[in-house]
Amino acid sequence: MESGPPTNDLCSVCHSNFHIPCQANCSHWFCGNCIMLVWQHGSGGVQACKCPLCRRPITLLVPTEESLRQRHDPQVANILSTVHAYNRFFGGRPTTIVQRIQDLPFLLRRLLREFSDPHRSLPLVIRTRLYITMILSAVYIFSPIDIIPEGILGIVGLLDDLLIVVIFFLHIAALYRSVLYHRHGGS
């Protein structure tokens, strides 16, 4: 899994190599400065900007670890502080269920990457909540007690199990989003 933009890819705003790459919640990559210019000039800094590629609202920008290690450089520090301000304004706001479902693949991919990286670890409270949620979801799905029993309604009876799985993944994504928000902009 990549921890930065794809190799041989260019920023879709400036059409140059990435400088301080940031990944938006729609999974597209931009230069930190470029996407901040889109935000400031597009909406005057009043509302979240839309992705120049897919037009989804950008509610979270995640800079690469390499960019964060360069924060001693004044230019990089300035751009990162603008990205952090953007995340404070728009990253913690409640989103619609449609936006949460659209963000699900992005957040789950990043969470899987973080779980597989031995140098990164999630806070203990978040890990505990993840494990409790996983256990409770599995107990419900595999228990013979159902809200809508499969034996009576057949395939329709699987809907409550599917609903629990969707709620489980949305809960995990919300937890991880809060970790990213606090790590990259809400501190």
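Computed from a predicted model, the values in this text were never measured in an experiment.
Here the CG atom belonging to Leu104 is positioned 9.0 Å from the CD1 atom belonging to Ile172, to the nearest 0.5 angstrom. In this structure, the separation between SG on Cys31 and CG on Asn17 is 8.5 Å, given to the nearest 0.5 Å. To the nearest 0.5 Å, the span separating CG on Asp73 from CD1 on Ile20 amounts to 7.5 Å.
Remark: Phe169 CZ is loosely packed, at most 12 non-hydrogen atoms of other residues, nucleotides or ligands lying under 6.0 Å away.
The two residues Leu68 and Pro63 come nearest to each other via the heavy atoms CD2-CG, 4.0 Å. Residues Pro57 and Asn25 approach most closely at O-ND2, 3.4 Å, considering heavy atoms. What you find for Phe30 and Ser12 is that their closest heavy atoms are CE2-OG, 3.2 Å. Considering every non-hydrogen atom in both Met36 and Leu61, the closest pair reads CE-CD1, 3.2 Å. Contact record, Ile79 with Gly32: CG2-C, 3.7 Å, taken as the closest heavy-atom pair. Between Val62 and Trp29, the closest heavy-atom pair is O-CZ3, 4.5 Å.
Considering only heavy atoms from C-beta on, Pro105 stays 4.5 Å or farther from Ser27 through its side chain. Phe18 has its side chain within reach of Cys11: a pair of non-hydrogen atoms, C-beta onward, lies under 4.5 Å apart. Proximity of Pro52 to Val13: side-chain heavy atoms (C-beta onward) are separated by under 4.5 Å at one or more points. Side-chain contact between His28 and Cys54 is present, with at least one heavy-atom pair separated by less than 4.5 Å. A 4.5 Å side-chain heavy-atom check between Arg56 and Asp103 finds at least one atom pair inside the cut-off. In this structure, Tyr86 and Ile58 have side chains that are in contact, with non-hydrogen atoms separated by less than 4.5 Å.
Residues Val166 and Leu108 share a single hydrophobic cluster, defined by chaining ILVMFWY side chains whose heavy atoms lie under 4.5 Å apart. Note: the hydrophobic cluster containing Leu60 also contains Ile101 (ILVMFWY, side chain heavy atoms under 4.5 Å, direct or indirect links). Cluster membership for Leu136 and Leu170, using ILVMFWY side-chain heavy atoms within less than 4.5 angstrom, is not shared. Cluster membership for Leu37 and Val76, using ILVMFWY side-chain heavy atoms within less than 4.5 angstrom, is not shared.
Trp39 places no side-chain N or O within 3.5 Å of a backbone atom of Lys50 that could act as its donor or acceptor partner.
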message = Quick one, Leu80 with Gln70, criterion side chain to side chain contact (heavy atoms under 4.5 Å, CB included). Give me CA distance, side-chain angles, the key distance, then yes/no.
response = CA-CA 10 Å; Leu80 287 176; Gln70 297 174 4; over 6 Å; no
